[in-house]
Amino acid sequence: MWQAKDFQQKVINYYRQHGRKHLPWQGTKDAYRIWLSEIMLQQTQVATVIPYYQNFLDKFPTVTDLAEASSDEVMHLWSGLGYYSRARNLHKAAKMVAEEFNGDFPQTQEAIESLPGVGRSTAGAIAAFAFDQPTAILDGNVKRVLARCYGIEGWAGKASVLKALWQRAEKNTPAQDTAQYNQAMMDLGAVVCTRSKPRCDQCPLSENCYALKQDAIAQLPGKKPKKARPKRSVYWLICLENEQVLLQKRPPSGIWGGLWCFPELEQTEQAPPHEQKLDSFIHKFSHYDLEVQPLLVKKLDNTGIMEPIELESFALNFLQQKTAEIGLPTPVTKVLDSLN
DNA sequence: TAACCGTGGCG
DNA sequence: TCGCCAAGGTT
């Protein structure tokens, strides 16, 4: 079992020799930029985030710019990145920073964690990277490294396992060079201690790793118990008129909250009146499959089928490639593209 | 506690 | 091709 001090030294030394130091959000102490990167990186890989991060900063260079933006603008720049509650919370939090914190990003872990969308680990990361505080993080990378190195068994979704991981994370996090240490742990998990086929020959902790010693790498960390994925089937009503298409803003909570979609109906045996069936497809979410049957329809207000749906309609001039500044889910964008 | 919330890459 | 899951947080 590693002593915390030796562990820290090995990890920081690894960072100085092999760590990532030139990611777009590194080399700045701007808490806004660090916060933005941490939110975008939640459950999302680095390569996916980079172009979104650049676009977002070009449009909103400061937290005040973000606070003053419309929600459609914000959702537009987030379109395709997924987990859209992150964008809604980001916008809400920017307004909080502007109003309640007078534009100055909060500097204590507790105050940072009070922002919507910022949990314990993200707050720890921001406090360490932006303000050099000795705060611990516990993302998927750190969990994997600690679970293997110390033989912490079970799925991290279980409270007892999560508690043990946090205790170990707190114990191992140094009071000095915390930012380097935190970055090093994420680099180790992302580059060396990968989920499958870890590069143990490159790992500074391999001489004292529980999983390696016990030949239990595949068993650590514990996996989430898997369950059956339900399937939901819907119609998407595509109403074209004068080179425009009718879209509808989805409610703020639930899937694709705050984004614009085609009017949607649960599939029934009898399809609503339509001109033409387009190719159906299945969009796979992490927790269910969505079968979509797009239907070209005439005017919606004459058919009666739109009765339950509030016609907060919006015309998108897609035929001229003039995409409006609104948020669109990826499969909606694909259907729109296919119409051209 | 467990379900919910997106998308893309990888083995 | 398909299951898995990634710099998690909220309800």
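To find a chain, count down the sequence lines: A is the first, B the second, and so on, and within it residues start at 1.
Within a heavy-atom distance below 4.0 Å of DNA chain C, the residues of residues 10-29 of chain A found are R20(A), L23(A), W25(A). Of the residues in residues 137-147 of chain A, those placing a heavy atom less than 4.0 Å from an atom of DNA chain C are D139(A), G140(A), N141(A), R144(A), in numerical order. Within residues 35-52 of chain A, the residues that have a heavy atom under 4.0 Å from DNA chain B are, in order of number, Q43(A), T44(A).
Ranked by how close their nearest DNA chain B nucleotide is to the 5' end, G157(A) and K197(A) are led by G157(A). Along DNA chain B, the nucleotide closest to S196(A) and the one closest to G80(A) are compared, and the more 5′ of them pairs with G80(A).
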Inset, instruction - Could you go through the side-chain hydrogen bond (donor to acceptor under 3.5 Å, both in side chains) check for N141(A) and D139(A) one step at a time? - result: CA-CA 5 Å; N141(A) 292 308; D139(A) 72 332; 3.2 Å; yes
Inset, instruction - Walk me through it: do D187(A) and Q183(A) pass the test side-chain hydrogen bond (donor to acceptor under 3.5 Å, both in side chains)? - result: CA-CA 6 Å; D187(A) 288 358; Q183(A) 185 61 51; 2.9 Å; yes
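Chain A approaches DNA chain C over the interval dC4(C) to dT10(C), counting the first and last nucleotide 5' to 3' with an atom under 4.0 Å from its heavy atoms.
Atom-to-atom, CG of L81(A) to P of dC5(B) comes out at 17 Å; the value is rounded to the nearest Å. Atom CD1 of I255(A) is separated from atom P of dA3(B) by 16 Å (rounded to the nearest Å). Across the protein-nucleic acid pair, K163(A) atom NZ and dT1(B) atom P stand 11 Å apart, rounded to whole Å. Per the geometry, CZ belonging to R195(A) stands 9 Å off P belonging to dG11(B), to the nearest Å. Following rounding to the nearest Å, Y288(A) (OH) and dA3(B) (P) show an atom-to-atom distance of 15 Å. The distance between atom CG of L328(A) and atom P of dG6(B), rounded to the nearest whole Å, is 14 Å. To the nearest angstrom, C1' of dT7(B) lies 10 Å from CZ of F285(A). Here dC4(B) presents its P atom at 13 Å from CZ of R229(A), a figure rounded to the nearest Å.
Using cut-offs of 30° and 60° on the angle between ring planes, the pair H287(A) and F285(A) is tilted.
Remark: Y83(A) is not in phosphate contact with dC4(B), judged by side-chain N or O atoms under 4.0 Å from OP1 or OP2. Proximity of H287(A) to the phosphate of dC5(B): a side-chain N or O atom is located under 4.0 Å from OP1 or OP2. Taking 4.0 angstrom as the limit, H283(A) places a side-chain polar atom (N or O) nearer than this to OP1 or OP2 of dT7(B). Put simply, T330(A) has no side-chain N or O that comes within less than 4.0 Å of OP1 or OP2 on dG6(B).
Across all strands shown, K284(A) has heavy atoms under 4.0 Å from base atoms, whether or not it also approaches the sugar-phosphate. In this structure, G254(A) reaches the sugar-phosphate backbone alone: every heavy-atom distance under 4.0 Å involves primed, P, OP1 or OP2 atoms, never a base. Residue-level contact check: K223(A) touches the backbone only, with heavy atoms under 4.0 Å from sugar-phosphate atoms and none from bases. Across all strands shown, S286(A) has heavy atoms under 4.0 Å from base atoms, whether or not it also approaches the sugar-phosphate.
Cation-pi check for K21(A) over Y15(A) is met; the charged atom lies under 6.0 angstrom from the ring centroid and within 45 degrees of its normal. Both cation-pi conditions hold for R168(A) and Y150(A): the charged atom is under 6.0 angstrom from the six-membered ring centre and inside a 45 degree cone around its axis.
For the P atoms, the distance from dC4(C) to dA3(B) is 15 Å, rounded to whole Å. Atom P of dA7(C) sits at a distance of 24 Å from the matching atom of dC4(B), rounded to the whole Å.
For residues 84-100 of chain A, no pair satisfies salt bridge (charged side-chain N to carboxylate O under 4.0 Å, His left out), with sequence neighbours left out.
In this view, F262(A) and W236(A) satisfy the ring pair (Phe, Tyr, Trp, His ring centres under 6.0 Å) rule, not counting sequence neighbours.
More than 12 non-hydrogen atoms from other residues, nucleotides or ligands lie less than 6.0 angstrom from CD of Q267(A). The 12-atom threshold is not exceeded at CD of E110(A), counting heavy atoms of other residues, nucleotides or ligands nearer than 6.0 Å.
Donor-acceptor pairing under 3.5 Å is recorded for the side chains of W260(A) and D72(A).
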